Enquirer: 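Structure incoming, see below.
When reading the values below, keep in mind they use all heavy atoms of this one structure, side chains included, and skip hydrogens, waters and symmetry mates. The model shown is predicted, which means the values in this text are computed figures rather than measured ones.
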Amino acid sequence: MSYDEAKEDARNHAIEQAVLAGADRETVQIVLSEDIPIAYLSGNALLVKAAGRL
């Protein structure tokens, strides 16, 4: 999986989790997308958060 595919997958997962938590899919937005360097990984970790109206 490429980095761009992983980032898109993380964004989609965050959106789905927000919807499962009760957010309206039409209002869900990505509120945080961050690359976190981790010394013992060859790449970075991704942190993505989404939120929307209930």
Side-chain angles (χ1 to χ4, degrees):
M1 178 182 282
S2 73
Y3 175 77
D4 290 333
E5 291 172 334
K7 193 168 187 176
E8 186 63 30
D9 187 50
R11 290 173 59 90
N12 290 336
H13 183 73
I15 290 169
E16 288 303 317
Q17 290 300 307
V19 171
L20 286 174
D24 178 16
R25 185 178 296 276
E26 299 293 319
T27 65
V28 174
Q29 298 179 12
I30 300 298
V31 295
L32 175 68
S33 182
E34 190 173 336
D35 294 330
I36 304 169
I38 298 183
Y40 55 86
L41 291 178
S42 61
N44 293 340
L46 294 170
L47 174 64
V48 181
K49 293 186 180 182
R53 289 184 167 266
L54 297 177

Enquirer: List for me each residue that meets side chain to side chain donor-acceptor pair (under 3.5 Å) alongside Arg53, sequence neighbours excluded, and say none if there are none.
Expert: none

Enquirer: So, using side chain to side chain contact (heavy atoms under 4.5 Å, CB included) as the criterion, who are the partners of Asp24 when residues are at least two apart?
Expert: Glu26, Thr27

Enquirer: Taking only residues two or more places apart in sequence, or in another chain, which ones meet Gln17 in a side chain to side chain contact (heavy atoms under 4.5 Å, CB included)?
Expert: His13, Leu20

Enquirer: Mind checking who shares a hydrophobic cluster with Val19, ILVMFWY linked at side-chain heavy-atom distances under 4.5 Å?
Expert: Ile15, Val28, Ile30, Val48

Enquirer: Among all residues two or more places apart in sequence or in another chain, which pass the side chain to side chain contact (heavy atoms under 4.5 Å, CB included) test with Ser42?
Expert: none

Enquirer: Under the rule for side chain to side chain contact (heavy atoms under 4.5 Å, CB included), what residues qualify as partners of Ala45, not counting sequence neighbours?
Expert: Ile36, Ile38

Enquirer: Which Ile, Leu, Val, Met, Phe, Trp or Tyr residues join Leu46 in one cluster when any pair of side-chain heavy atoms under 4.5 Å counts as a link?
Expert: Tyr3

Enquirer: Could you work out, with side chain to side chain donor-acceptor pair (under 3.5 Å) as the rule, every residue matching Asn44, not counting sequence neighbours?
Expert: none

Enquirer: Tell me the closest heavy-atom pair linking Ala18 and Ala50, and the distance in Å.
Expert: CB-O, 3.9 Å

Enquirer: Once salt bridge (charged side-chain N to carboxylate O under 4.0 Å, His left out) is applied, do any residues pair with Glu8, and if so which ones, sequence neighbours excluded?
Expert: none

Enquirer: Check the pair Met1, Lys7 against side chain to side chain contact (heavy atoms under 4.5 Å, CB included), reporting the backbone distance first and the verdict last.
Expert: CA-CA 10 Å; Met1 178 182 282; Lys7 193 168 187 176; over 6 Å; no

